[in-house]
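This is a predicted model, so every value here is computed, not measured. In what follows, every heavy atom counts, from backbone to side chain, and hydrogens, waters and symmetry copies are set aside. The first residue in the sequence is number 1, and the count goes up from there.
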Amino acid sequence: VAMPYLEDLYQATHGSVHLAVSLGADAVYVSAINGHQPVRPLHPPGTRVSLASPGIGQVLLAYAPTEVLHDVLAGDRHRTGERPARSAYGLRQSLAEIRRYGLAVSRDGIGPFSAAAPVFRAQATIVAAVSVAVRAPSDGCLVGNVLRRTAAEISRELGAPKREFPASKKVTTPASR
């Protein structure tokens with residue numbers, strides 16, 4: 001169901017596109033589309049990362065059952081090693097922002113721009129997350145909106161009710177400020 005939409009997202013952004021699902025306290029990458037010059041980090045299908053990992057992991061965690069969140073926080077799994085350790089409070093703040101805007105954004109101002117968005121099924125529960133990483137977009141807001149639209153289209157195919165998210169103030173790049 002998702003592959004045609006992932007291919008469209010790749011064509012629109014020429015970035016690295018991923019789809020992941022949650023499995024316990026981990027995110028498992030199930031699909032990846034990378035061009036001739038892929039944007040790192042690369043996550044081939046089968047790669048597992050903590051749900052506390054920035055981007056796709058945190059999107060899955062933001063909508064996970066409460067017991068999964070407690071498991072991640074209790075097991076110190078919010079300290080992923082990919083980035084400096086976050087406090088449980090900081091992680092909870094990030095998850096609340098993801099639920100509010102329907103988008104996780106990772107950008108440090110000098111490296112690649114990446115974003116992830118949730119994919120829902122008919123029961124309005126999360127089933128997957130889709131992400132895109134691009135080298136340096138001139139408009140991070142546009143990339144974020146294209147990504148959210150892609151996730152919404154996949155969700156509609158799965159029978160999910162339509163969700164509206166406000167524009168994210170976090171989706172900025174130096175060129176769009």
Side-chain angles (χ1 to χ4, degrees), residues 1-35 39 41 43-69 72 91-107 112-134 137 139-172:
V1 171
M3 191 52 75
Y5 297 103
L6 300 178
E7 290 170 350
D8 288 348
L9 180 59
Y10 171 77
Q11 288 299 321
T13 63
H14 294 287
S16 293
V17 175
H18 295 97
L19 182 74
V21 298
S22 61
L23 183 62
D26 291 330
V28 179
Y29 286 81
V30 295
S31 184
I33 301 174
N34 296 298
V39 180
H43 295 292
T47 301
R48 291 174 77 128
V49 298
S50 168
L51 286 180
S53 296
I56 212 162
Q58 286 185 12
V59 166
L60 291 166
L61 184 58
Y63 296 94
T66 305
E67 56 272 9
V68 173
L69 175 61
V72 169
L91 178 59
R92 286 180 189 272
Q93 283 185 308
S94 293
L95 300 178
E97 213 165 272
I98 291 165
R99 285 188 295 273
R100 178 172 180 198
Y101 295 112
L103 191 68
V105 175
S106 300
R107 171 127 180 132
F113 172 91
S114 65
V119 175
F120 299 97
R121 62 176 138 213
Q123 298 81 10
T125 56
I126 192 162
V127 66
V130 61
S131 71
V132 63
V134 295
D139 190 347
C141 191
L142 177 63
V143 172
N145 287 335
V146 169
L147 173 65
R148 284 199 304 191
R149 188 185 74 225
T150 299
E153 289 170 348
I154 298 168
S155 296
R156 275 193 295 280
E157 282 281 326
L158 297 173
K162 185 174 183 177
R163 289 178 177 247
E164 295 290 332
F165 293 105
S168 174
K169 294 180 173 111
K170 281 186 68 178
V171 183
T172 58

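- Taking both residues in full, the closest heavy atoms of Ala128 and Val21 are given as CB-CG1, 4.0 Å, listed atom of the first, atom of the second, then distance.
- Counting heavy atoms from C-beta outward, Asp8 and Thr150 have side chains that stay 4.5 Å or more apart.
- Closest non-hydrogen pair, Pro118 versus Gly102, comes out as CD-O, 3.3 Å.
- Between Pro112 and Val39, the shortest heavy-atom contact is CB-CG1, 3.5 Å.
- Both the sub-6.0 Å distance and the 45° axial angle are not jointly satisfied by Arg100 relative to the ring of Phe165.
- Between Ala117 and Val59, the shortest heavy-atom contact is C-CG1, 3.7 Å.
- How far CG of Leu95 is from CG of Leu61: 4.5 Å, rounded to the nearest 0.5 Å.
- When atom types are taken as modelled, the side chain of Ser155 and the backbone of Ala151 share a donor-acceptor pair closer than 3.5 angstrom.
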Val130/Ile56 under side chain to side chain contact (heavy atoms under 4.5 Å, CB included): CA gap, chis, key distance, verdict: CA-CA 7 Å; Val130 61; Ile56 212 162; 5.8 Å; no
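- Side chains of Ile98 and Leu103 form no contact here, defined as non-hydrogen atoms less than 4.5 Å apart.
- Contact record, Val127 with Phe120: CG1-C, 4.0 Å, taken as the closest heavy-atom pair.
- Within the 4.5 Å cutoff, side-chain heavy atoms of Ile126 are placed close to those of Leu60.
- Here the straight-line distance linking atom OG of Ser22 with atom OH of Tyr63 works out to 13.5 Å at 0.5 Å rounding.
- Note that NE2 of His18 is 7.5 Å distant from OG1 of Thr47, once rounded to the nearest 0.5 Å.
- To the nearest 0.5 Å, atom CE of residue Met3 and atom CD1 of residue Ile154 are 9.5 Å apart.
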From CA spacing to verdict: side chain to side chain contact (heavy atoms under 4.5 Å, CB included), Val143, Val132: CA-CA 8 Å; Val143 172; Val132 63; 3.9 Å; yes
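- Below 30°, between 30° and 60°, or above 60°: for His43 and Tyr29 the angle between ring planes is below 30°, a parallel geometry.
- Using modelled atom types, one side-chain atom of Arg148 and one backbone atom of Tyr101 make a donor-acceptor pair closer than 3.5 Å.
- Atoms CD and CG, on Gln11 and Leu6 in that order, are 12.0 Å from each other to the nearest 0.5 Å.
- Across all their heavy atoms, Thr13 and Leu9 have their closest contact at OG1-O, 2.8 Å.
- Distance check: Tyr10 OH to Ile33 CD1 gives 8.5 Å after rounding to the nearest 0.5 Å.
- Salt bridge Glu97/Arg99: absent, no basic N to carboxylate O contact under 4.0 Å.
- Judged by distance alone, with hydrogens and angles left aside, the side-chain atoms of Gln58 form a donor-acceptor pair with the main-chain N or O of Ala52 at under 3.5 Å.
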